[in-house]
K.L.:
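Take this structure, written in structure tokens, and hold onto it; I'll ask about it next.
Labels below follow one simple rule: chain letters A, B, ... track the order of the sequence lines, proteins then strands, and each chain is numbered from 1. Values below: every heavy atom of this structure, side chains too, minus hydrogens, waters and symmetry copies.
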Protein chains: 2
Amino acid sequence: MSNAFIRRLDSVERLTKVERQAIAEATKNVQKVGARRAILREGDRNGGAHIILSGLACRYRILEDGSRQITDFLVPGDLCGCDYIAGADTGYSLAALSPCSFTHIDHQSLTVLMDRHPRIARALWSLALINEGVLREWLANVGRRPAVRRVAYLMSELCFRLLASESPRPSSCALPLTQIDLADATALSPVHINRVLGRLREKRFVSLQRRSIIVKDTEGLMSFAEFSGNYIQPRAHDA
Amino acid sequence: MSNAFIRRLDSVERLTKVERQAIAEATKNVQKVGARRAILREGDRNGGAHIILSGLACRYRILEDGSRQITDFLVPGDLCGCDYIAGADTGYSLAALSPCSFTHIDHQSLTVLMDRHPRIARALWSLALINEGVLREWLANVGRRPAVRRVAYLMSELCFRLLASESPRPSSCALPLTQIDLADATALSPVHINRVLGRLREKRFVSLQRRSIIVKDTEGLMSFAEFSGNYIQPRAHDA
DNA sequence: CGCGGTATTGACACTATTCAACATCAGTGG
DNA sequence: CCACTGATGTTGAATAGTGTCAATACCGCG
């Protein structure tokens, strides 16, 4: 009667048993998809939202010239696809980076859920606002930081989010990303990413494997990147 | 009994008279501030949200090295500051670019408003999702587009939002931005912005004034930038 | 076993930055 | 009313950082 999504909502707005149950009911149809598979292609808008329950996915957009910009990573508990519900269409796609399980919730059910349970509505709103904060951080990262810092920062954030539920935070973390993925997320070229990773390896922050990157020293990387998770982690519930 | 914020909410979720009145009541204390003044400084978190009612403002963040990244522009009807309510702290500031009027709504009132009026809650959620879409667009813009296109795109979006309520769209639009503002929004250097603007002036899209930029041909600029407002403008209400 | 995506490395090109000098203008105080 | 000042805008030259191209290596998968 609990999944990553429920835990996420509960972390921003304490939910009652009834509320948790209502969410569980609405998200009970779990689908699975293999690594590197599409979850949602641009244009396929069926009016609902996707919720990642396990694995790592990314949302991206293809620009006019064919280049790809990854705009966010989705970790378990993340919700995606509601901009269509909001009436806009941002033309992105959604793909699994590692094997993922996810659920789909249609517009109608979500509306009912929010109308019946104000705390759920508030929690969803809070999640959207936190997402906004993350996007602002990405914007500043891509816009202003030089390549090495930029990559370090992005990996720090991803580690932070992937490990958010573990305490104490493990010192290592495997990121199922190719160098091309990293390039598309940081807006650098794959060639340059390769060189940047070389430097981060020299500093002993990461080690490289084919199709994945192991962060060996999360503390070191985060401090090098001057990363702080304040914009992600909600305050503890008021006492 | 109507202001830019009410109209904005109403455009994403049709509101009843009672709901509009409740919002009007909560946003009745209007403040004014001159051009180039701070509305909210980093660190001043009093736990509420600001709503821009007239004028143009921007939200920005100062990075470790002192550089500034503008992360969004706020046009009348826009809400800002709720990430703190969501429990996170993204450390930004808010400044007026032109003379602005705005109102402040505290955490408590907002919560009450959402709990009592599910449609308001949904509308706020929708606005947040649309904002997310805009931020993704900025990310792709800053990450992947070359300077001239990038600047053209940003100005297109800003014109689009400033003129959204006017129909037909006027062909010219004054943007109260210095070249430094533009640089901080597009993540380019002021010097380069100056050169880019020279080129856009040659193409007759804009004309330059001290401390402001006049877009003389909104259609031409938008088509040059390959801008489309689909990600901003909500669909018309279902029939 | 070969194929396709990925990773690595070097040489070179190019965009945008930095630095510097100077011009312009609005606002301010004498 | 004028001179001063500080922010903004403009231009050129040199440079740094990253992209592009190309060649090669690697490896999992069919």
Side-chain angles (χ1 to χ4, degrees), chain A residues 34-38 58 63 65-70 95-99 141-154 174-202 206-214, chain B residues 34-38 58 63 65-70 95-99 141-154 174-202 206-214:
Chain A
R36 310 264 125 205
R37 301 325 219 110
C58 71
L63 295 235
D65 68 346
S67 61
R68 179 173 79 144
Q69 176 70 51
I70 293 180
L97 292 170
S98 67
N141 196 40
V142 165
R144 291 303 187 190
R145 278 196 264 259
V148 181
R149 284 297 241 11
R150 192 190 303 183
V151 172
Y153 196 94
L154 185 100
L175 307 179
L177 300 174
T178 65
Q179 297 185 9
I180 296 173
D181 295 329
L182 253 189
D184 288 340
T186 53
L188 293 164
S189 68
V191 172
H192 205 60
I193 285 286
N194 184 277
R195 291 173 176 141
V196 163
L197 285 177
R199 294 222 247 154
L200 293 175
R201 199 185 44 199
E202 279 169 18
V206 305
S207 70
L208 305 184
Q209 297 204 353
R210 199 178 172 72
R211 302 181 133 261
S212 79
I213 293 155
I214 317 287
Chain B
R36 310 261 126 205
R37 301 326 218 107
C58 73
L63 296 236
D65 68 347
S67 61
R68 178 174 80 144
Q69 176 69 51
I70 293 180
L97 292 170
S98 67
N141 196 40
V142 165
R144 291 304 187 190
R145 277 195 263 261
V148 181
R149 285 293 243 11
R150 192 190 301 182
V151 172
Y153 196 95
L154 186 101
L175 307 179
L177 299 174
T178 66
Q179 296 186 10
I180 296 173
D181 295 329
L182 211 53
D184 288 340
T186 53
L188 292 164
S189 68
V191 173
H192 204 57
I193 284 287
N194 182 276
R195 289 169 180 147
V196 163
L197 284 176
R199 294 222 247 152
L200 293 175
R201 199 185 44 198
E202 279 170 19
V206 306
S207 69
L208 304 184
Q209 297 204 353
R210 197 175 177 73
R211 302 182 132 258
S212 80
I213 293 157
I214 317 287

K.L.:
What residues form a side-chain hydrogen bond (donor to acceptor under 3.5 Å, both in side chains) with S212(A), not counting sequence neighbours?
P.N.:
none
K.L.:
Could you state the atom-to-atom distance from CG of L182(A) to C1' of dA7(C) in whole Å?
P.N.:
13 Å
K.L.:
List for me each residue that meets side-chain hydrogen bond (donor to acceptor under 3.5 Å, both in side chains) alongside S207(A), sequence neighbours excluded, and say none if there are none.
P.N.:
none
K.L.:
With rounding to the nearest 0.5 angstrom, report the CG to CG distance, L208(B) to N194(B).
P.N.:
8.0 Å
K.L.:
Tell me, with the steps shown, if V206(B) and I214(B) meet side-chain contact (heavy atoms from CB on, under 4.5 Å).
P.N.:
CA-CA 5 Å; V206(B) 306; I214(B) 317 287; over 6 Å; no
K.L.:
Would you check if L175(A) and L182(A) make a side-chain contact, meaning some heavy-atom pair closer than 4.5 Å?
P.N.:
no
K.L.:
Quick one, L63(B) and R68(B) - any side-chain contact, counting heavy atoms below 4.5 Å?
P.N.:
no
K.L.:
For R68(A) and dG19(D), give me the distance from atom CZ to atom C1', rounded to whole Å.
P.N.:
18 Å
K.L.:
Using the test side-chain hydrogen bond (donor to acceptor under 3.5 Å, both in side chains), find all partners of R144(A) that sit at least two apart in sequence or belong to another chain.
P.N.:
D184(B)
K.L.:
Measure from CZ on R201(A) to C1' on dT9(C) and round the result to the nearest Å.
P.N.:
12 Å
K.L.:
Holding to side-chain contact (heavy atoms from CB on, under 4.5 Å), I want the full list of residues that pass it with A95(A), two or more places apart in sequence or in another chain.
P.N.:
Y60(A)
K.L.:
Please give, in whole Å, the distance from dA7(C) P to L177(A) CG?
P.N.:
10 Å
K.L.:
In whole angstrom, give the distance that lies between atom CD of Q209(A) and atom P of dT8(C).
P.N.:
11 Å
K.L.:
Can you tell me which residue among V148(B), T186(B), N141(B) is in a side chain to side chain contact (heavy atoms under 4.5 Å, CB included) with Y153(B)?
P.N.:
N141(B)
K.L.:
For nucleotides 4-6 of chain C, which of its nitrogen or oxygen atoms have a protein nitrogen or oxygen under 3.5 Å away, and what is each distance?
P.N.:
residue : atom : partner : partner atom : Å
dG5(C)  : N2   : R210(A) : NH2          : 2.0
dG5(C)  : N3   : R210(A) : NH2          : 3.4

K.L.:
Let me know the distance between CG of D65(A) and P of dT15(C), rounded to the nearest Å.
P.N.:
14 Å
K.L.:
In whole angstrom, what separates R150(A)'s CZ from dG17(D)'s P?
P.N.:
13 Å
K.L.:
Measure the distance from CZ on R149(A) to C1' on dT18(D) and round it to the nearest whole Å.
P.N.:
17 Å
K.L.:
Tell me which residues in residues 186-197 of chain A lie within less than 4.0 Å of DNA chain D, going by non-hydrogen atoms.
P.N.:
A187(A), L188(A), S189(A), V191(A), H192(A), R195(A)
